[in-house]
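Values reported hereafter were calculated over all heavy atoms of this structure, with side chains retained and with hydrogens, waters and symmetry mates removed. In what follows, chains carry the letters A, B, and so on, assigned in the order in which the sequence lines appear, proteins first and then strands, with residues in each chain numbered from 1.
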Amino acid sequence: MTFPDYSVVFNNWPFLMRGLQVTLSVSAIAVVMGFFIGSAVGLLRLSRVKPLKLIAGAYVEFIRGTPLLVQLAILYFGLPSIGIDLSAFAAAVIGLSVNSGAYVGEIVRAGIQSVDKGQMEAARSLGMNGHMAMIFVILPQAFRRIIPPLVNEFIILIKDSSLLSTIAITELMRAGQHIRARTYADFQIYTAIAVLYFIVTFTLSNVLGVLERRLQVSD
Amino acid sequence: MIEVYDLHKSFGKLEVLKGITTRIDRGEVVVIIGASGSGKSTFLRCLNLLEVPQKGEVIIDGVNITGRNVNINLIRQDVGMVFQQFNLFPHKKVLDNITLALLKVKKINKKKSRELALELLHKVGLSDKADAYPRHLSGGQQQRVAIARALAMRPKVMLFDEPTSALDPEMIKEVLNVMKQLAAEGMTMVVVSHEMGFAREAADRVIFLDDGVIIEEGPPEQIYNNPRAQRTKDFLRQIL
Ligand SMILES: Nc1ncnc2c1ncn2[C@@H]1O[C@H](COP(=O)(O)OP(=O)(O)OP(=O)(O)O)[C@@H](O)[C@H]1O
Ligand SMILES: [Mg+2]
């Protein structure tokens, strides 16, 4: 065994940082879009309108039942062959958002269902219609419970974004692969990348953990 | 005030209410007793359509609430309900629990809603708890807030589903006292409860429900002291 020389990492630092930046910005966009998609899907899955409920359910099942790697391949390599061209960036953002939306949808649905059914009954017995009860009584309570699994989902999304390296997005993972191809310093490059991912996810879970506790204290 | 004709309610194959007919006059206080599973809650919940009956009519203040084209949200404002588990909104302060429906449903302005809420909190003896969150209150206090919240809508009828059965003995009294006061003020009340003291003191009539039918009804003294039906006797022997 030889002690690895990490100077290769520092020599290519700006390139890695540019990759990290792409990882962070694509993830941020996908987190926000995934949250909106997921909220809509979660509500639709609980709606009384059968067709909407079925479509939302099928979407969730399909996304959860197929690998993200394959979903990205369909978007980036598959669609052009039937005449729909997406840029790598568009495919990346759409792929990650749509994927995350399904998981967030399940989180939102479970959060709403976890609110005691007496809450809806109390609200309705006061003359609130279903929408009012949802907005003023159910969702605020569901939201608090949704936060921890949501943070978890965000972290998974950031890690999953490494799969974008397969569709020509030079995010952190692919940036590393480029450097590796030139330097053959596999160990140093991949461990450095792992550390960078870890710093991001660890920071995020701690910052959001503090926010979450704040929210719980203030209620 | 409330007229019920031949009310039937099933859950799937299970027929819970098997034809209930009765009327409750304005200002009357009716206590419903019966074994677990006899359909007491279901009956009460049919009176504000938290359960929708399959057959029969419920007429409240001249309005057939089981008919077509009724605005159920409007009707529910007239029918207050108090639950066994209180069901206060845990994310809202006591005062906001009471004002929420005033602001959103009745569209009364903030200042007026607040005044009304404070007045009702005073009535149930909890003026000092306006800014507390429900989880910082005892069960008895929570139930009194729930009563105030229902009263805020100025209902014509109040329904109580075992309002004291989730409470420790020392808190039962404070809730019953509020209910007795309401009864004395002339509120029309339908109360599912096995609190015989309350029934004897405040009720005009006791209804004994068994297996989805009314077996017997009458003044509390008669039901408790001289029940006519054998099933009433058996039931009373069990709870005494
Ligand atoms: N939503 C529901 N779905 C299916 N069955 C129900 C539902 N609600 C009540 N039941 C059933 O209907 C029957 C009557 O229930 P109900 O709650 O009216 O009884 P109860 O007299 O209030 O009993 P308790 O004293 O235990 O509260 C029970 O067998 C119960 O399991
Ligand atoms: Mg019951």
* Asked: If you count heavy-atom pairs under 4.5 Å between each of B:M81, B:K104, B:K93 and chain A, which one has the most?
  -> B:K104

* Electrostatic pair B:E115-B:K112, nearest N-O below 4.0 angstrom -> no

* Structure fact -> Turns out that what part of B:F83 lies under 4.5 Å from chain A's heavy atoms comes down to side chain

* To do: Heavy-atom distances under 4.5 Å only: say whether B:K92 touches chain A with side chain, backbone, both or neither.
  => side chain

* **Residue A:D116 versus chain B: region with a heavy atom under 4.5 Å** => side chain

* Asked: Salt-bridged, B:R26 to B:D61, with N to O below 4.0 Å?
  -> yes

* Asked: By a 4.5 Å heavy-atom criterion (distance strictly below it), what part of A:M132 contacts chain B: side chain, backbone, both, or neither?
  -> side chain

* How long is the gap from CG on B:L137 to CG on B:N97, to the nearest 0.5 Å? -> 10.0 Å

* Candidate pair B:K129 and B:H136, rule side chain to side chain contact (heavy atoms under 4.5 Å, CB included), full reasoning -> CA-CA 9 Å; B:K129 298 294 183 192; B:H136 294 134; over 6 Å; no

* Structure fact -> Under 4.5 Å to a heavy atom of chain A? For B:R149 that would be both

* Which atoms of B:L49 come close to chain A, meaning under 4.5 Å heavy atom to heavy atom: side chain ones, backbone ones, both, or neither? -> neither

* To do: Can you spot which of B:Q84, B:Q85, B:H194 makes a side-chain hydrogen bond (donor to acceptor under 3.5 Å, both in side chains) with B:S165?
  => B:Q84

* Considering only NZ, NE, NH1 and NH2 on the basic side and carboxylate oxygens on the acidic side, decide whether B:E119 and B:K123 come within less than 4.0 Å. => no

